[in-house]
Amino acid sequence: MSSYHAPTKEYRLLLETVAPIAELAKLPHFSEATTDTVYAILEESAKFAHEVLDPLNATGDRSGARFDAAQHAVTTPEGFRAAYEAYREMGGAALPVPTEFGGLGMPRTVVTLTDEMMHSANLSFGLMPLLTQGAIEALLLAGSDELKATYVAKMASGEWGGTMNLTEPQAGSDLALVKARAEPQPDGSYRIFGTKIFITFGEHDFTENIVHLVLARLPDAPEGVKGISLFVVPKFLVQPDGSLGARNDVQCVSIEHKLGIHASPTCVMQYGDAGGAVGFVVGEVNRGLEYMFVMMNLARFGVGLQGVALAERAYQHAVAYARERVQSRDVGAPKNPSVPIIRHPDVRRMLLRMRAQTEAARALAMATACALDLAQAHPDAEVRRAQQAFAELMIPIHKGWATEMAQDVTYQGVQVHGGMGFIEETGAAQYYRDARITTIYEGTTAIQANDLIGRKMAREGGVTANALIGTMRAFVTELAPSTHPHLIVAARRLREGIDAAERAVAFNLAHFNQDIRACFAGSVPMVKLFGIVCGGWQLARVGLAAERRLAAGDPDREFLEAKLATLRFYVDTMLPEAIAAADVVVNGAEGTMALAESAF
Amino acid sequence: MKILVPVKRVVDYNVKVRVKPDQSGVDIANVKMSMNPFCEIAVEEAVRLKEKGLASEIVAVSAGVAQCQETLRNAMAIGADRGILIESDAELQPLAVAKLLKAVVEREQPRLVILGKQAIDDDANQTGQMLAALLGWGQATFASKVELTADTVTVTREVDGGLETVALKLPAIVTTDLRLNEPRYATLPNIMKAKKKPLDTVKPADLGVDVTPRLTTLKVEEPPKRQGGVKVPDVATLIEKLKNEAKVI
Ligand SMILES: Cc1cc2nc3c(=O)[nH]c(=O)nc-3n(C[C@H](O)[C@H](O)[C@H](O)COP(=O)(O)OP(=O)(O)OC[C@H]3O[C@@H](n4cnc5c(N)ncnc54)[C@H](O)[C@@H]3O)c2cc1C
């Protein structure tokens, strides 16, 4: 079994190209994020992921989280609690939190990499900090000063965990159907009643308190999305002096038996069986979903990153096996004895397909993270607006595409192992199983796709999408003078991909009002199209930088040449899939809707 | 009490090094470098002594290229109070490093110097001993336990066949073995704070030390490839093979 080594050299290259950390550190907001500090943080996090989180991944998968029905208690697998304690001591939870709330105020660009390492090494573990970050985000966005003061610092220090309670049996993708009730009390608090399902880390043994963020309706709330409010419901009520008081009326009543992420408890949470759980409204009533969607941007970004993380892990694992496993002769030298399978062209294709997609999706994630940071901290309002628009367009693309690509990559990872891939002992199967959830939670791929073609494209007349197409075209012009054969091919292939994206956007804009079903029939292919093209664009940005460094005599030739070779493989083999996806967007609707519902 | 902790920047223990084609050494261009693990143990031990109130200041010192600053920052993130870089692009052999450290010791006047017992690159296991000899101080090498008082240090040493306990008068030199402690992870806030701690740079010439190598490397080779093992049917065959083939008994 291979062990996980964070690709920190790759991270540094991205921080010097598509997500320039030195530029971010010039903004007063991120003045602490100097290159040397950031690199030191990455190295220490890499060590932690390798030494602490990775060794627990397979054992956690085998034993899983356990539920004690009598105590309503969840025990995480052996070693997880201690690992969390070490994570907390290290200050991991504080990294993205603004300094005024006890955090370290690091940009998303940096947190993206530390999160990737955590998810690569142990996805189940990583979910708890990820959801806590989400809960902090929601409180910072809309919580009163009192709520922030009571909860945020304790969560930033890692002493308390956080959860997101949206889903109910009848309300998954469609949160308008949420039924949990919130009854106002004379003291301004609320009593919460109802059942939430699929709540990640809804109960666990990592922390002494758990801060649940819960969507519920007031008795007089309007129907649908405009009648949902957001509440804080702590597992233990917090006394005025900050110490823990009475146990609140919220219980975990069972945990799910799942395909993957076995060490992450997925809980059914029961609110209010003994008179009502005490809750406090976050922001204004009836605006809960609106807040949730702002916060969801980050959560979706984080899940997209899980796709990248698992893809990286599966790739490392497959390469290690392919170097070791000896089987069959080299087609080019059939007289010689059998060779390590990495020498077979098809194994090469699989490994490169894994690597190229992973690197492209990571580069796209980093470009998006950098845009989120600029949108927050740049002094120029116009830059902030443009970066925010770019990031919002990218998030459903990144979430949708990176998680779908992780299905392919972890699938190839199993395939590289042959029969051993199907045997749990090898470890490849776990990545494949764990990856499967990422296209589902925080909005299925279809929900990302709907967001992309609806809110992010058609509703604004394609302004941001067309601006993006313009930016990519300008970049291709920048590639044009290059004489490197891989960059010449990349420029041509990218141009074809961008043309395809433009056709697809034009189709969407032309049909959204007249024939909306035709647009939605091609929404997921649209995500794929944009994912591959934008990923290729970012990969080519890295490739161009690599070529310039090589030309300038950078001695790290092997590493830099690999960037160009990977780019070449990507544009030759992935971009055709984007062009095919564009064809489906434009021409696939009729066929998709042709069969009558009754005929299924 | 002031403690001095020399730290060395070496090829990371996860890296598989390659011998240079001209056999002049191993290729360390573009490979990951980190603090020598035995030095990490030394820093950790010093920090623990400080946390127990037995030390007042920890000074980390590193000799080598400018990038050794990263190693010093790392030591400061674990808990050293300040750093001294003896900057040099030259090849620094153990004797030269010991002389440089002696000069720093004379300037800084620590009561205790804790070093790693060896560095995982050249595995020389010499610097601490040479430094003790140059200073005329007592030395306790391969420490697996360190107990400090105001004027003595009692050290349990890992020696062939067991443990040996020695007591030394201060000032003294201690070199660390693997089991002395398990170094902590630097916390992220401390990594950020380390950047603000003082780091001075001096040159060997400022210390009046001639670092010219005294040893010449003739060639560096890959270790011989391990031969595949054989299964023997019984003990008699094993003994026969050990006697006649391996010639070890
Ligand atoms: C392991 C796990 C952990 C989870 N953690 C949490 C958590 O911490 N907190 C929380 O609140 N929830 C959590 N969830 C719930 C998760 O977010 C939902 O399962 C998810 O949003 C999908 O909802 P659903 O299961 O009801 O599926 P459905 O909404 O019923 O979807 C079924 C299918 O219909 C499709 N579909 C639905 N609506 C549309 C549409 N408008 N257009 C096109 N296709 C559509 C979907 O894409 C999907 O293919 C978790 C779920 C799991 C399995």
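Residue numbering restarts at 1 for every chain, and letters A, B, ... go by the order of the sequence lines.
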Where does A/Thr34 contact chain B at under 4.5 Å (heavy atoms): side chain, backbone, both or neither? side chain

Using non-hydrogen atoms and a 4.5 Å limit, figure out which bit of A/Asp556 sits close to chain B: side chain, backbone, both or neither. both

Is it the backbone or the side chain of [X] that comes under 4.5 Å from a heavy atom of chain A, or both, or neither?
| X | answer |
| --- | --- |
| B/Asn190 | neither |
| B/Ala29 | neither |
| B/Lys196 | side chain |

Under 3.5 Å, is there a donor-acceptor pair linking the side chains of [X] and [Y]?
| X | Y | answer |
| --- | --- | --- |
| A/Gln133 | A/Glu137 | no |
| A/Ser2 | A/Arg313 | yes |
| A/Tyr11 | A/Glu116 | yes |

Hey, is B/Glu44 close enough to B/Arg184 for a salt bridge, meaning N to O under 4.0 Å? yes

Taking everything shown except A/Glu78 itself, do over 12 heavy atoms lie less than 6.0 Å from its CD? no

